[in-house]
Amino acid sequence: MVTCFCGMVHGIGRRGFLGALVAAAVDAQAPAPASAGPANAALIEDLVAGFGHVSARHDKDPNRYLLARSMAPALVTADDIMEFDLDSTPVDQRGRAVYLERFIHGEIYRVRPDVRAVVHSHSPAVIPFADTKVQLRPMNHISGFLGGGVPVFEIRDVAGPASNMLISNPTLGHALATTLGPHPVALMRGHGSVAVAQSVRHVVFRAVYTEVNARMESEALRLGDPTFLNDGEAAAATKTNDGLVDRPWELWKQRAMGK
Ligand SMILES: [Zn+2]
């Protein structure tokens with residue numbers, strides 16, 4: 001299991017499964033929002049270890065969030081973490097490129113006060129479940145958080161028939177957040193997924209095991225008619241797992257930081 005944990009995070013974090021997001025410059029004329037001040041150092045450290053496409057709500061102001069500037073996730077350091085308001089306008093851009101899809105983060109933080117961290121991923125294993133009517137459902141106890149159902153966002157309903165598939169404005173971000181609703185994970189048809197949680201550690205755990213579960217489910221469907229965790233098992237397993245996240249995290253973080 002340990003090998004599985006670190007191997008997956010390594011694969012996702014350092015080799016780009018978490019997504020090749022597109023950079024775009026914010027309108028330099030827009031007034032910059034005020035900073036909430038320096039974020040907690042441990043939070044920044046988790047964010048750096050948690051890979052480029054993870055964001056965290058600012059610990060000093062719920063109306064601010066932290067996300068790396070647009071760059072290769074493996075190269076992110078603390079200095080690359082930028083602060084945004086919930087409109088996804090950077091507080092202090094200083095010429096740095098920002099993610100075109102940052103609206104995923106801002107709009108989810110706006111409608112989900114319980115969420116303190118978000119991961120957007122282009123992980124390939126989930127795409128079959130986003131593009132067909134086959135539902136992503138929990139295959140094992142570690143993936144129990146999928147038990148409440150995994151909604152699928154259809155961008156065509158909002159952006160029309162010829163979009164570039166990216167969440168590139170607040171309207172699309174809000175629509176995605178609405179599809180996510182109270183769930184921990186939503187799939188995005190033809191695109192990837194988004195996971196949310198109460199901390200950076202929990203959200204990385206969920207992003208990793210959403211991908212793992214998708215691979216397991218695809219395999220089980222090839223073999224036959226799988227039995228999934230029922231709602232009671234999923235809820236009980238999630239409660240247990242949520243208390244154990246710190247254990248794999250320290251290992252993941254060491255691997256991600258190259259220690
Ligand atoms: Zn994307």
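- Here the CG-OG distance, from Leu100 to Ser168, works out to 5.0 Å after rounding to the nearest 0.5 Å.
- Arg102 contributes atom CZ, which lies 10.5 Å from atom CG of Asn169 (distance to the nearest 0.5 angstrom).
- Looking at Thr89, its side chain never comes within 3.5 Å of a backbone N or O of Asp85 through a donor-acceptor pair.
- The two residues Val91 and Pro33 make their nearest non-hydrogen contact at CG1-O, 3.4 Å.
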Query raised in the report: Checking side-chain contact (heavy atoms from CB on, under 4.5 Å) for the pair Val119/Val194: CA distance, chi angles, key distance, verdict?
Result: CA-CA 6 Å; Val119 168; Val194 62; over 6 Å; no

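- Annotation for His183: atom NE2 counts as buried by contact number, over 12 foreign heavy atoms lying within 6.0 Å.
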Report task. Let me see the working for Met165 and Met188 under side-chain contact (heavy atoms from CB on, under 4.5 Å), right down to the final yes or no. Result -> CA-CA 9 Å; Met165 308 296 290; Met188 303 156 74; over 6 Å; no

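- Residues Glu107 and Leu176 fail the side-chain proximity criterion, which asks for heavy atoms closer than 4.5 Å.
- Note on Val111: it does not cluster hydrophobically with Leu86, by side-chain heavy-atom contacts below 4.5 Å among ILVMFWY residues.
- Checked against the 6.0 Å centroid threshold, His53 and Tyr99 count as a close aromatic pair.
- A donor-acceptor pair under 3.5 Å is formed between the side chain of Arg57 and the backbone N or O of Val115.
- Between the side chain of Thr179 and the backbone N or O of Ala175 there is at least one donor-acceptor pair closer than 3.5 Å.
- By the 4.5 Å heavy-atom criterion applied to side chains, Leu136 and Leu187 are counted as neighbours.
- Formation of a donor-acceptor pair under 3.5 Å by the Asp80 side chain with backbone atoms of Arg69 is not found in this model.
- Ion pairing between a basic and an acidic side chain is recognised when a charged N comes within 4.0 Å of a carboxylate O; Asp46 and Arg201 show such pairing.
- More than 12 heavy-atom neighbours from other residues, nucleotides or ligands sit within 6.0 angstrom of CG on Asp87.
- Residues Thr171 and His174 bring no donor and acceptor atom of their side chains to less than 3.5 Å of each other.
- Taken together through direct or relayed side-chain contacts under 4.5 Å among Ile, Leu, Val, Met, Phe, Trp and Tyr, Met71 and Ile44 form part of one hydrophobic cluster.
- No side-chain N or O of His141 forms a donor-acceptor pair with one of Glu233 less than 3.5 Å apart.
- Of all heavy-atom pairs between Tyr109 and Val118, the closest is OH-N, 3.4 Å.
- Counting only distance, with no hydrogens or angles, the side chain of Arg137 and the backbone of Glu217 share no donor-acceptor pair below 3.5 Å.
- The hydrophobic clustering, which links ILVMFWY residues whose side-chain heavy atoms are closer than 4.5 Å, places Leu66 and Leu75 together.
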Requested in this report: Evaluate the side-chain contact (heavy atoms from CB on, under 4.5 Å) criterion for residues Tyr209 and Asn140: first the C-alpha distance (whole Å), next the side-chain angles of each, then the deciding distance (0.1 Å), finally the verdict.
Outcome: CA-CA 10 Å; Tyr209 281 100; Asn140 74 340; 5.5 Å; no

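- Linking Ile, Leu, Val, Met, Phe, Trp and Tyr residues whenever their side-chain heavy atoms come within less than 4.5 Å leaves Phe145 and Leu229 in two separate clusters.
- A distance of 13.0 Å separates CD in Glu83 from OG in Ser55, rounded to the nearest 0.5 Å.
- The neighbour count for Gln135 CD, taken as heavy atoms of other residues, nucleotides or ligands under 6.0 Å away, does not exceed 12.
- Ala125 approaches Ala214 most closely through the heavy-atom pair O-CB, 3.4 Å.
- For the pair Lys60 (side chain) and Gly37 (backbone), a donor-acceptor distance under 3.5 Å is absent.
- Side-chain contact between Arg206 and Pro184 is present, with heavy atoms from C-beta onward closer than 4.5 Å.
- A donor-acceptor distance shorter than 3.5 angstrom exists from the side chain of Ser121 to the backbone of Ser123, with no hydrogens or angles considered.
- Checked by atom type and distance alone, the side chain of Asn213 never pairs as donor or acceptor with a backbone atom of Met216 at under 3.5 Å.
- Under a 4.0 Å N-O distance rule, the pair Arg215/Glu211 qualifies as a salt bridge.
- A donor-acceptor contact shorter than 3.5 Å links the side chain of His202 to the backbone of Asp242.
- Rounding to the nearest 0.5 angstrom, the gap separating the CG atom in Leu146 from the CZ atom in Phe228 is 11.0 Å.
- In this structure, CD1 in Ile167 is found 6.5 Å from NE2 in His191, a value given to the nearest 0.5 Å.
- Considering only heavy atoms from C-beta on, Ser218 comes within 4.5 Å of Phe129 through its side chain.
- No donor-acceptor pair closer than 3.5 Å links the side chain of Ser143 to the backbone N or O of Met139.
- Taking the six-membered ring where tryptophan is involved, the planes of Tyr65 and His105 are essentially parallel, since the angle between them stays under 30° and well short of 60°.
- Contact record, Met82 with Pro90: CE-CB, 3.9 Å, taken as the closest heavy-atom pair.
- The OG1 atom of Thr132 sits 11.0 Å away from the CD1 atom of Ile127 when rounded to the nearest 0.5 Å.
- In plain terms, the two heavy atoms of Ala195 and Val185 that are nearest each other are CB-CG2, 4.1 Å.
- Residues Leu221 and Val126 fall within the same hydrophobic cluster, defined by Ile, Leu, Val, Met, Phe, Trp and Tyr side chains chained together at heavy-atom separations under 4.5 Å.
- Closest non-hydrogen pair, Ala56 versus Leu43, comes out as CB-CD1, 3.8 Å.
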